[in-house]
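Have a look at the structure below before the remarks.
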Amino acid sequence: MRALIVLLMAALWSVTIAVAQDGSAESPEEVDARTEAISKTLRCVVCQNQSIYDSNAPLAEDMRNLVRKRVEAGDTNDEAREYLRERYGDYVLMSPPLQMNTILLWTGPIFLVLIGLIWFLARLRSGQALPDRAGLSEADKARVAEVLSETPSAK
Amino acid sequence: MKLSRLLPVGLFGVLVIFLAIGLTRDPSVIPTEMIDREMPTFELSELRDEAVTVSQDDLVGEVTLVNVFGSWCVACLQEHPTLMELSRDNTVRIVGINWRDDREDALAWLMKHGDPYEAIVFDAESELVIKIGVTGAPETFVLDPSGRIRYKQIGPITPEVWTKTIRPVIDAMESESVS
């Protein structure tokens, strides 16, 4: 029984592989999905804070169509993005690439956290002595002790 | 001890400098990538005669202004008198890119306001416009005689922009071709 199930699963597995290999040309759904994925990572140059996927601007619509054409022509996602980046610069990418002029942007937060952590640990280790809270002199302390010791029943 | 007291003040100063630079920049001006690059290849129909095709080859030979406009574009009206004057005086060749427009509308618009263009590329689907990184209209590219993009004007060409910005760019180009 068990062997049969294993055999069945193996057969199914090989079928799925065959199907996947067969669909070498992209289906319309795949083109749609990739166009959508790429469009979400490209910034609309008219409206600034929207991706071309979200924007209703005419230019964004034309850019989406262009991305679709590039995908249909067989571009990878990166190639399609690169096409627009060449023309509009890094600006057109929704997330800035890691490169020389953005290195501070990407590593800045990590540095800030590290500096904060070092500062915190340094302070912790130096263990600054707390000042005597009330600032009592020796004479005051003696008086306090005296008063406390002689009035246990005054309550 | 005293130095560490000054640290927050110093950090605040750095923050102020960053904000002073960052917050005073105009976010709608996107630096162009196209300067000093060849005009990309294209083949689109002429607005006034659908049978005629215009290509990058029509833009070489002399200094050319390539002006993106549309009948829907309000700011284009602002620069139109300047373009008309430049074409009347034969100052520079002007080629238009009629962007995302309707042929009829565009022709009516030119009829009404005048036509300063030697040729007009009809680009209804932003094909050429995206190739040259246009973000809005009006935008004007200054091409040298070899067809290389040398300058891009974002926004209307007012008489002031012409005399203070574009004219000097063209003059510089002409003097470099002489030497």
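None of the values given here were measured: they were computed from a predicted structure. Letters A, B, ... mirror the listed sequences (proteins, then strands); counts begin at 1.
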Point to revise | Spatial distance of atom CG (B:L110) from atom OH (B:Y117) [nearest 0.5 Å] | key: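 Between B:L110 CG and B:Y117 OH, I get 7.0 Å after rounding to 0.5 Å.
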
Check your understanding: Do any of residues 106-117 of chain A have a heavy atom less than 4.5 Å from a heavy atom of chain B, and if so, which, in residue order?
Key ->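 Within residues 106-117 of chain A, no residue comes under 4.5 Å of chain B, counting heavy atoms only.
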
Check your understanding: Are A:V67 and A:V31 joined in one hydrophobic group, where the rule is that I, L, V, M, F, W and Y side chains link up if heavy atoms are under 4.5 Å apart?
Key ->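 Yes, because A:V67 and A:V31 connect within a single hydrophobic cluster, where side-chain heavy atoms sit under 4.5 Å apart.
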
Point to revise | Within 6.0 Å of CG in B:D36, more than 12 heavy atoms from elsewhere | key: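 For B:D36, atom CG is crowded (more than 12 foreign heavy atoms under 6.0 Å).
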
Point to revise | Residues, nucleotides or ligands: over 12 heavy atoms within 6.0 Å of A:Q99 CD | key: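 Yes, enclosed.
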
Review point. Which residues, numbered in order, of residues 65-92 of chain B come under 4.5 angstrom of chain A by heavy-atom distance?
Key: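 Within residues 65-92 of chain B, no residue comes under 4.5 Å from chain A.
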
Practice item. Determine the option with the most heavy-atom pairs under 4.5 angstrom with chain A, choosing from B:I132, B:I130, B:V134. Key: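 Heavy-atom pairs under 4.5 Å are most numerous for B:I130.
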
**Study point:** A:D78/A:R81 ion pair, N-O < 4.0 Å
**Key:**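 Yes, this pair counts.
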
Practice item. Would you check if the side chain of A:S39 reaches a backbone N or O of A:I52 as a donor-acceptor pair within less than 3.5 Å? Key: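 No; judged by distance alone, with no hydrogens or angles, the pair does not exist.
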
**Study point:** Donor + acceptor pair across side chains of A:D140, A:S137 (<3.5 Å)
**Key:**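 Yes, side-chain donor-acceptor contact under 3.5 Å.
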
Check your understanding: With a 4.5 Å limit on heavy-atom distance, are the side chains of A:D90 and A:R85 in contact?
Key ->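 A:D90 vs A:R85: side chains touch.
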
**Study point:** Sequence neighbours excluded, every pair satisfying salt bridge (charged side-chain N to carboxylate O under 4.0 Å, His left out) that has a member inside residues 37-54 of chain A
**Key:**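 Only A:E36-A:K40 qualify under salt bridge (charged side-chain N to carboxylate O under 4.0 Å, His left out).
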
Point to revise | Those residues that, when tested against A:E61, pass side chain to side chain contact (heavy atoms under 4.5 Å, CB included) (two or more places apart) | key: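 Only A:R64, A:N65, B:R100 meet the side chain to side chain contact (heavy atoms under 4.5 Å, CB included) criterion with A:E61.
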
